[in-house]
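In this text the structure is predicted, and so the values were computed from the model without any measurement. Note that these values count all heavy atoms, side chains included, but never hydrogens, waters or copies made by symmetry.
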Amino acid sequence: QVQLVESGGGLVQAGGSLRLSCAASGRTVSTYAMGWFRQAPGKEREFVAAISWITGSRYSADSVKGRFTVSRDIAENTVNLQMNSLKPEDTAVYYCASKYCCGTYYRSYEYDYWGQGTQVTVSS
């Protein structure tokens with residue numbers, strides 16, 4: 001089992017920045033990748049960014065490229081999401097997720113564990 005706890009959400013004005021963190025505990029030694037997803041009211045959960053735990057390779061959705069950066073700290077078992085130039089359409093609950101194996105990075109159903117989510121609200 002893996003436990004994931006997100007932090008860092010909040011209210012910010014458009015153009016501002018936030019940094020989300022996700023702390024992993026439990027059976028983390030077999031982690032293959034960690035990702036961030038988000039879900040806005042009335043919409044499906046969507047992929048935001050992911051990072052390979054082994055190689056550090058990064059992947060992000062087109063909607064956040066150039067604005068959001070995912071990073072990892074292996075020693076601390078954390079994954080972070082630096083969000084810059086935030087827009088009102090970035091408003092959502094952001095979820096951290098981890099997976100044990102392979103496949104794609106952007107399909108939510110391929111992830112094994114999820115955090116409880118943290119709210120990000122961007123005002124115009």
Notebook entry, point to check: Looking only at heavy atoms, what is the nearest atom pair of M34 and S98, with distance?
Noted result: CG-CB, 3.9 Å

Note to self: Using 0.5 Å steps for rounding, measure from the OH atom of Y113 to the CG atom of L4.
What the structure shows: 9.5 Å

Check: Just wondering, are more than 12 heavy atoms of other shown residues or ligands nearer than 6.0 Å to NZ in K65?
Finding: yes

Next item on the list: Apply side-chain hydrogen bond (donor to acceptor under 3.5 Å, both in side chains) to T121 and Q119, showing your working.
Entry: CA-CA 6 Å; T121 303; Q119 177 70 46; 3.3 Å; yes

Next item on the list: Could you please spell out the steps behind the side-chain hydrogen bond (donor to acceptor under 3.5 Å, both in side chains) verdict for T78 and D73?
Entry: CA-CA 5 Å; T78 59; D73 185 328; 4.7 Å; no

Note to self: Are F37 and W114 an aromatic pair, judged by ring center distance below 6.0 Å?
What the structure shows: yes

Check: Does E44 reach the side chain of S108, with side-chain heavy atoms less than 4.5 Å apart?
Finding: no

Next item on the list: Check whether the side chains of S21 and E6 place a donor and an acceptor atom closer than 3.5 Å, and report yes or no.
Entry: no

Next item on the list: Please state whether the rings of Y32 and Y105 are parallel, tilted or perpendicular, taking 30° and 60° as the class boundaries.
Entry: parallel

Next item on the list: Group every Ile, Leu, Val, Met, Phe, Trp and Tyr by side-chain heavy-atom contacts under 4.5 Å, then state whether Y111 and Y59 land in the same group.
Entry: yes

Margin query: For N84 and Q82, which I'm curious about, is there any donor-acceptor pair between the side chains at under 3.5 Å?
Written below: yes

Margin query: So, taking the atom named CZ in R107 and the one named NZ in K99, what distance separates them when rounded to the nearest 0.5 Å?
Written below: 9.0 Å

Check: Does the side chain to side chain contact (heavy atoms under 4.5 Å, CB included) test come out yes or no for C96 and V79, once each step is laid out?
Finding: CA-CA 8 Å; C96 169; V79 62; 3.9 Å; yes

Note to self: So does R27 get a backbone contact from the side chain of Q1, meaning a donor-acceptor N/O pair under 3.5 Å?
What the structure shows: no

Next item on the list: Apply side chain to side chain contact (heavy atoms under 4.5 Å, CB included) to the pair C101 and E110, showing each step before the final yes or no.
Entry: CA-CA 8 Å; C101 187; E110 294 188 16; over 6 Å; no

Item checked: Interatomic distance, E89 atom CD to S63 atom OG [nearest 0.5 angstrom] -> 9.0 Å

Check: Run the side chain to side chain contact (heavy atoms under 4.5 Å, CB included) check on R19 and N80 step by step: do they pass?
Finding: CA-CA 7 Å; R19 182 178 175 86; N80 303 301; 3.2 Å; yes

Checklist line | Distance, nearest 0.5 Å, that separates OG of S25 from CG of N77 | finding: 8.5 Å

Check: Under the side chain to side chain contact (heavy atoms under 4.5 Å, CB included) criterion, do M83 and S17 qualify, and how do the steps go?
Finding: CA-CA 5 Å; M83 306 186 295; S17 298; over 6 Å; no

Notebook entry, point to check: Which pair of heavy atoms, one from K87 and one from V122, lies closest together, and at what distance?
Noted result: O-CB, 3.2 Å

Item checked: V120 reachable from V70 in the ILVMFWY side-chain graph, under 4.5 Å edges -> yes

Check: Closest approach of S124 and A14, non-hydrogen atoms and distance?
Finding: CA-CB, 4.3 Å

Notebook entry, point to check: Cluster question for you: counting only ILVMFWY and a side-chain heavy-atom cut-off of under 4.5 Å, with indirect links fine, are L18 and W36 together?
Noted result: yes

Notebook entry, point to check: Are F68 and V12 grouped together when hydrophobic residues (ILVMFWY) are joined by side-chain heavy atoms under 4.5 angstrom apart?
Noted result: yes

Note to self: What's the separation between atom OG1 in T31 and atom CG in D112, rounded to the nearest 0.5 Å?
What the structure shows: 9.0 Å

Margin query: Ring of Y95, cation from R38 - is the NZ or CZ under 6.0 Å from the centre and inside 45° of the axis?
Written below: no

Item checked: Contact summary for R58 and S71, nearest pair of heavy atoms -> NH2-CB, 4.3 Å

Margin query: Is there a path of hydrophobic side-chain contacts, each under 4.5 Å between heavy atoms of I/L/V/M/F/W/Y residues, joining V5 to V2?
Written below: no

Check: So which heavy atom on L81 is nearest to which on A49, and how close?
Finding: CD1-CB, 4.1 Å

Check: To the nearest 0.5 Å, what is the distance between OG (S123) and CD (Q13)?
Finding: 5.0 Å

